[in-house]
Amino acid sequence: MLRDIWTLRYFCLALAKHDLKERYRRSLLGIAWSLIKPAGMTLVLTLVFTNVFQISMREYAPFLFVGLIVWQFFTESVLQGCNSFHLGGTYLRVTPLPIAIFPLRVVLNAGTHALIGLVAATLAIWWLQGIAHPWALLSLVPGIAILAVTAWSLACICGILFTIFSDAQQIAEISLQALFYATPVIYTPETLRKNGWLACLVECNPFASLLELIRQPLLHGESASAACFLIALAFMSASCCIAWWSLRRIERNLVLWL
Amino acid sequence: MPHINFEQVDLMYPVRVNRRATFKDFILQRMLGKTPARPNAIKALDQITFRVEEGECVGIIGRNGAGKSTLLRTIGGIYPPARGLREVHGAICSLFDIAAGFEWNATGWENIRLRAFLQGETPSSLEGKLGAIADFTQLGETLDMPLKCYSTGKIMLLSFAIAVCCEPDILLVDEFLSAGDLQFREKSITKMIDMLRHSRIVVMASHDLGFLRQFCTRILWLDKGRVHEDGPAECIIERYIASMQTTAPLAPLAAHS
């Protein structure tokens, strides 16, 4: 399957490029929206939560901005992944293809926005706080790779579920909303220390570990802990296995279901 | 050596009232074991057996719903057979549906690249073919415009040009060329004859018997998903026309009034 996807890499990249152009076709600001959206959210939430959590704006704003970029990447990948096979149906009716290419197209699209956001975040943090250990930024490479593969596998799983059950997208939306509050995107894990079971929930949440893979090098100039890497890798492996198994089961007959 | 070999191939097509199942269907059918009121699947192809060798041009005829398009899509590897042996050797290119496989807001050039990459081309291998594709279509500056501005004939021309310029071993055509004008038809026939000279295979489904008679050497006549007859074009087409004439003619309109 991976070899077939590699053969069609130019097709997948051309599709992702077309999607980006299509998304901002009549937009005045174009791809700049990928920065404006999380930056606007960061501004509003920072004004509110710096007063609620009693944290300095200088610390909280970069923390929130990075968190929102990563979360937006996940949300886009999963929700658009739901519809990815349906959108790819036009090509599946022309030629047999490895179907995982269509969730990948969605992840590449969301990934482009996330990368632009992360580059902007790095520059902003550099300007605001300075980066103590630039070498720690190298640990972003495996972190981003784990994040991307996890998002791809989740997009595949959601795409398959949505093809079989039309209710899957609504369930995904509710689950993501619940996960958003169970993951330290807008609050810091330290704020939960006093609340035992909630702190435990966040510690076990693999999405919290995935967030840390990006936050630690950017905000604290150090690589994420080995525990974070282990939890993230275990979650990635589990979702990859489920995605692989489901794709193998449904790939041949998917076109008949669309 | 390109060839197609089908032995006792069946294809089951799932029938769904709505496009997708709901949790209600899942609970009723899987968990409570209740059988649905309508059948779950229909047999679209029934024990299809034939073999096509290199250099052959085969036409597929039959009434509406006989399984012509389904057979072409099964040859193309798009539909999976439920039973039997499907053996196809050679790079396949298909012209099934004018609307399928195109992005309507992308320009002609962007669509050429997308469609060619879909057929496994790389930027370097495509570079040399872009000129030939543009020449064949003779669309000139129209290729810079979004596809939604194209007429059906122009889209057909573009699909055909991309398909044949990527030099497939097997070309599958579904009721596609007969809709084109005389100039397009002549161009496409010349190109396909050229393909056959290079020992390639063309399989086409059509209701245009004149076109099939002119171009095909062999005809597969399908009826209710089965191969009804398989043989030389002229002979099978004559029998097909005769069978059509023996069926009851439509009642004249005057009778209704």
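Order of the sequence lines fixes the chain letters, A, B, ..., with proteins taken first and strands second; residue numbering starts at 1 for each chain.
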Tell me, out of Asn253(A), Ile101(A), Leu13(A), who's got the most heavy-atom pairs with chain B below 4.5 Å.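 Maximum pair count with chain B is reached by Asn253(A).
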
Would you mind checking which part of Pro146(B) comes under 4.5 Å of any heavy atom in chain A, side chain (CB onward), backbone (N, CA, C, O), both or neither?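 Answer is neither: Pro146(B) stays 4.5 Å or more from chain A.
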
Side chain, backbone, both or neither: which part of Glu110(B) has a heavy atom under 4.5 Å from chain A?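 Just the side chain, heavy atoms under 4.5 Å.
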
Below 4.5 Å from any heavy atom of chain B, which atoms of [X] appear? Answer side chain, backbone, both or neither.
X        : answer
Leu97(A) : side chain
Arg25(A) : side chain
Lys17(A) : neither

Exercise: do Asn205(A) and Thr183(A) side chains pair donor with acceptor under 3.5 Å: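 Short answer, yes.
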
State whether a side-chain donor-acceptor pair under 3.5 Å links Asn5(B) with Glu7(B).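 Yes, side-chain donor-acceptor contact under 3.5 Å.
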
Heavy-atom pair count under 4.5 Å with chain A, highest-scoring of Leu172(B), Ile92(B), Leu114(B):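 Looking at each of Leu172(B), Ile92(B), Leu114(B) in turn, Leu114(B) comes out on top.
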
Against chain A, work out which of Gly76(B), Pro123(B), Gly120(B), Ala116(B) has the most heavy-atom pairs shorter than 4.5 Å and name it.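 Ranked by heavy-atom pairs under 4.5 Å with chain A, first place is Pro123(B).
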
Taking the six-membered ring of Phe96(B), is NZ or CZ of Arg93(A) closer than 6.0 Å to its centre and within 45° of its axis?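 Because its charged atom misses either the 6.0 Å distance or the 45° angle limit, Arg93(A) does not stack over Phe96(B).
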
Leu171(B) and Val203(B), any side-chain heavy atoms less than 4.5 Å apart: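 Not in contact.
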
Basic-acidic side-chain contact under 4.0 Å: Lys129(B), Glu121(B):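 Salt bridge: yes.
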
Return yes if some donor-acceptor pair links the side-chain N/O of Arg113(B) with the main-chain N/O of Ala14(A) below 3.5 Å, else return no.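 The answer is no, because no donor-acceptor pair under 3.5 Å joins these two groups.
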
